[in-house]
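Beneath this line is the structure, given in structure tokens, with notes to follow.
Computed from a predicted structure; not experimentally measured. Chain A is the first sequence line, chain B the second, and so forth, proteins listed ahead of strands; every chain is numbered from 1.
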Amino acid sequence: MRLKHTIFFITLSLVFLLLMFDSVLARSKRVTAYTSLHEPVARAVFNQFEKESGLKVFFVRLSTGEAVSKLDAERLNPQVSIWFGGVGIGHIRAKNKGLSVANPTTATKHLEPKYKDKDHHWAGIYAAPLVFEYNTIMLKRYALPIPVSWRDLTKSEYKGHIQMANPGFSGTAYNILTTIVEIFGETSAFKYIQALNRNIPMYSRSGSAPGKRAAIGEVTIAIGYAHDAVKFISDGFPLAIQFPAEGTGYEIAAVSLIKNGPKDETENAKKLYNWAFGKSAAKVYVSQSFAVPFVNVPLAKGAIPISEVKTVEQDDEWAAKNRSRLVEKWHNVVTSSQSE
Amino acid sequence: MTTLSFSNYFKNQKITLKRLLNEPLQLILVLSIIFCLGLFVLYPLYSTIKVSLMPNGHFDLIVYKTILNQQRFKIAISNSILLGIVVATLGTIIAFLFAYTLTRIQFPGKHFFKGMVILPIISPPFIFALSAVLLLGRNGLLTQQLLGIENFNIYGFKGLVIVQTLSMFPIGFLILSGILQAIDPDLETCAMNLGAKRWKTFTTVTFPLALPGLWASWLLIFVQSLTDFGNPLILGGDFPVLSVQTYLEFVGMGNLPRGAGLAVLLLVPTVSLFILQRYILRKKSFITVTGKSTRRSIVSVSQLIHVLLIFFSILISAIISIFYISIFAGSFIKLWGINWTLTFSHYIYAFDVGLQTIKDTVLLATIATPITVIFGMVIAFLVVRKSFPGKNLMAIAAVLMFSIPGTAVGFGYMISFNQEPLLLTGTMYILLACYVFRYVPIGIESGMAALSQVSKDIGESSTNLGASSAITFRSITLPLITPSFISAATFTFVKCMTGLSAVIFLVSASWKHMTTLILAQTENMLLGQAYAMSVVLTLIILISFAVFKNFMTLGQTSVFGGISHD
């Protein structure tokens, strides 16, 4: 009996040591990253990079808003060396807060100036327009017309059928909020939001969740980025997209290097940063998410280049500076109308 | 908490101080424990309160003024309280009926029912929210596919009441079944022999005796509901609650002072209920455990109620089973409600993305468990067997953490340990410290329970009979405290594996936790992957049970017997 216990205990300790050893060993030759890409996309992107570079990427998926807060909280002891993906407005906020570091590189020289930071703090990997995504089966079941404009979404017949994320967490949702402000002007925009809120039963934390919910019919209409929707359509979901008549906003999915990130990773992180704007990365974006990168690669069938969409005059610098104020206002408008 | 009364304590203070100074080793031990508790329990608490009261570097009540004036925070506060009251009441009723059925009525398969109730305690805290989406969502198996209900909205108050009640009533059950077992059925038989009807017996004997237990159960479930984080985050919908708002305020808005203020608001009711429970209810409790088991079959309820109660227990157990089975099934199904093909892809994905996370989680829990339990037992030993000044304070500080909501703990740690010389954020040490000091009350409780069984005399007799102190320790003390040690270790391990609310503030890219990954996947609608990860997590916990059982033959009730909170 005692022998049995001893053997058992030794085995257990060995397993434990192995586990520990593995965890420590795996921490060399690596890049740690926050990513705001959809998790399966991030997995494919980093797998490809690992294959090409021989480095190992450790990543956590965070929404754009979460990523900025987390980076800010870790300011004195940054845990990651790169923030990969996520709405450009968030990357501008990170720069303004002094969280990212300039990285002048030739890897981004092919980008139009509006798709990269003039001080080289961040640069875009692809652009994606906002779009309405509706579940065709659900739309038919509830006998609803296709919403063709931002105005349409506030019609009472859509009550309980629309979903977007919470702009406090999600960069996508903040992008929607600023688009609305840019279209209607701030005062009317918040009146519009009050009306829209009556049709929205809940706000998710992740910006891509509403689209996925619409794809599987958990919700009828979602507001999200076009490339995510196109991916669902090509996967066979009963989903269709509609660009709003008034014009729409767009994201510049971007990458930033983090200031004072883990020292032994700096060079590796730069490698990942430079790689992000190249062709082989672009191919992964295209195959995984139907995004339209800024590099010339064959696009996925159905992918929508930003140049073919009617976009609003968008000022991301302004959006980044006014975030706290606008989100606070949004919270107050949304919650006080909920209590009515 | 202490065997010494206060007057005695003060009278002896001089002597105890002298005695302590005579034992330098013990002095160092006491001082280092006090230092650790001060650093990892009181300091984070102090930082949180300070940030909320001094948002701009000087004293200012602006944070609390804003919170109490703004509609959305007022709604969150009243929502939290409303939800807590409803869940605590429902949960306690179910717990009482369940406990009554299992302790008072004889029927086959009791162990199965007990097992079903234990399951929610050892699972990730938000597992019911996950399965609620599968069963009761718009494409839910029950709502849409079976009942054909079109627009059932699981997101919000209704859904939260369902999942919280199901996942929290088991704590009430543990308390109440302990108490009902301790009530001697002879008392009930006596009442009936004296001519009381069954109902009268119940209302005048059984119920009053169980009342302290009912209170304890209600309070515990109330606090649990108030501090629950995972369920409201997944199912909250348009029903904002305090714990989620705290996280949102920090993560969404980057507003530390306001997040701290909300954490403090959450802390006030939980700490006061903790004090209430510890010092008022404990004194009121008049249960006397006589030591004899009361297994006799007695029928203090009529045949009809008897059948109804059994039916009720079967129903509750069945509901719990359905929730678990749906998670298991969901992890093998391509896309629930749309594409019912069987697949292993979620598991492949889970291991591809999450293998490092699984390793981190298990590693941290394995390191933290022995430290936590030994630390707790040492504190218990000092508190029970030794006397020194500041003992009461130390005991309170050590168990205080159990009453602090995880959200506040995580928040406090995050803002306290993020700069030199206490730069711990992002390392494994911050997670370990959080585990150890959050769960050390488990070690203390079982340490105290063990020590109460090992009377000083036994050890002394052994020594008097000629055994050396090493032999006494090995052959007398150790065997007597091992069961408590193992049960505390099991429970601590489970807590480390399933904790979410504190951990979510402290995980980093280098050290991750399975529960936060599951939560993130759920929010990104990677549901199949989240289910697969939950199944893996539950399996790891079940395996750990087998491992701990190998050390010591223990029933589930003895594992969870002494531990009834958090």
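- Looking at A:F46, neither its backbone nor its side chain comes within 4.5 Å of chain B, counting heavy atoms on both sides.
- Using a 4.5 Å heavy-atom cutoff, the side chains of B:S510 and A:R30 are in contact.
- Contact annotation for B:L256: neither backbone nor side-chain heavy atoms come within less than 4.5 Å of a heavy atom of chain A.
- The heavy-atom pair separating B:A509 from A:V60 by the smallest distance is CA-CG2, 3.5 Å.
- For the set B:K74, B:E249, B:Q70, the count of heavy-atom pairs under 4.5 angstrom toward chain A peaks at B:Q70.
- Within the 4.5 angstrom heavy-atom criterion, atoms from both the backbone and the side chain of A:V219 approach chain B.
- Residue A:S204: no heavy atom, backbone or side chain, is found under 4.5 Å from chain B.
- To the nearest 0.5 Å, atom CE of residue A:M202 and atom CZ of residue B:F239 are 13.5 Å apart.
- In this structure a side-chain-to-backbone donor-acceptor pair under 3.5 Å is missing from A:N332 to B:R72.
- Neither the backbone nor the side chain of A:R75 comes within contact range of chain B, judged by heavy atoms closer than 4.5 Å.
- A 4.5 Å side-chain heavy-atom check between B:K512 and A:F59 finds every atom pair outside the cut-off.
- Nearest approach of A:H38 to B:L526, heavy atoms of both residues: NE2-CD2, 4.5 Å.
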Carefully, step by step, assess A:E39 and B:Y349 under the rule side chain to side chain contact (heavy atoms under 4.5 Å, CB included).
CA-CA 10 Å; A:E39 195 181 85; B:Y349 183 94; 2.9 Å; yes
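- Separating the CD atom in A:E218 from the CG atom in B:L527 is a distance of 8.0 Å, to the nearest 0.5 Å.
- For B:L335, the part lying near chain A is the side chain, with the backbone staying farther off; criterion is any non-hydrogen pair under 4.5 Å.
- Heavy-atom distances place the side chain of B:L517, and not its backbone, under 4.5 Å from chain A.
- Between B:Q356 and A:F58, the closest heavy-atom pair is CG-CE2, 3.5 Å.
- Within the 4.5 angstrom heavy-atom criterion, no atom of A:P78 approaches chain B.
- Annotation for A:A73 and B:N418: closest pair O-ND2, 3.6 Å, computed over non-hydrogen atoms.
- For the pair A:Q79 (side chain) and B:T425 (backbone), a donor-acceptor distance under 3.5 Å is present.
- With a threshold of 4.5 angstrom between heavy atoms, A:T220 approaches chain B through its backbone and through its side chain.
- Separating the CG atom in B:L424 from the CG atom in A:N77 is a distance of 9.0 Å, to the nearest 0.5 Å.
- Neither the backbone nor the side chain of B:Q529 comes within contact range of chain A; no heavy atom of the residue lies under 4.5 Å from a heavy atom of that chain.
- The CD atom of A:E74 sits 10.5 Å away from atom CG of B:L423, with the distance rounded to the nearest 0.5 Å.
- Here the side chains of A:H331 and B:F73 are not in contact, with every heavy-atom distance at 4.5 Å or above.
- Within the 4.5 angstrom heavy-atom criterion, no atom of A:A67 approaches chain B.
- Counting only heavy atoms from C-beta outward, the side chains of A:K70 and B:F505 never approach each other to under 4.5 Å.
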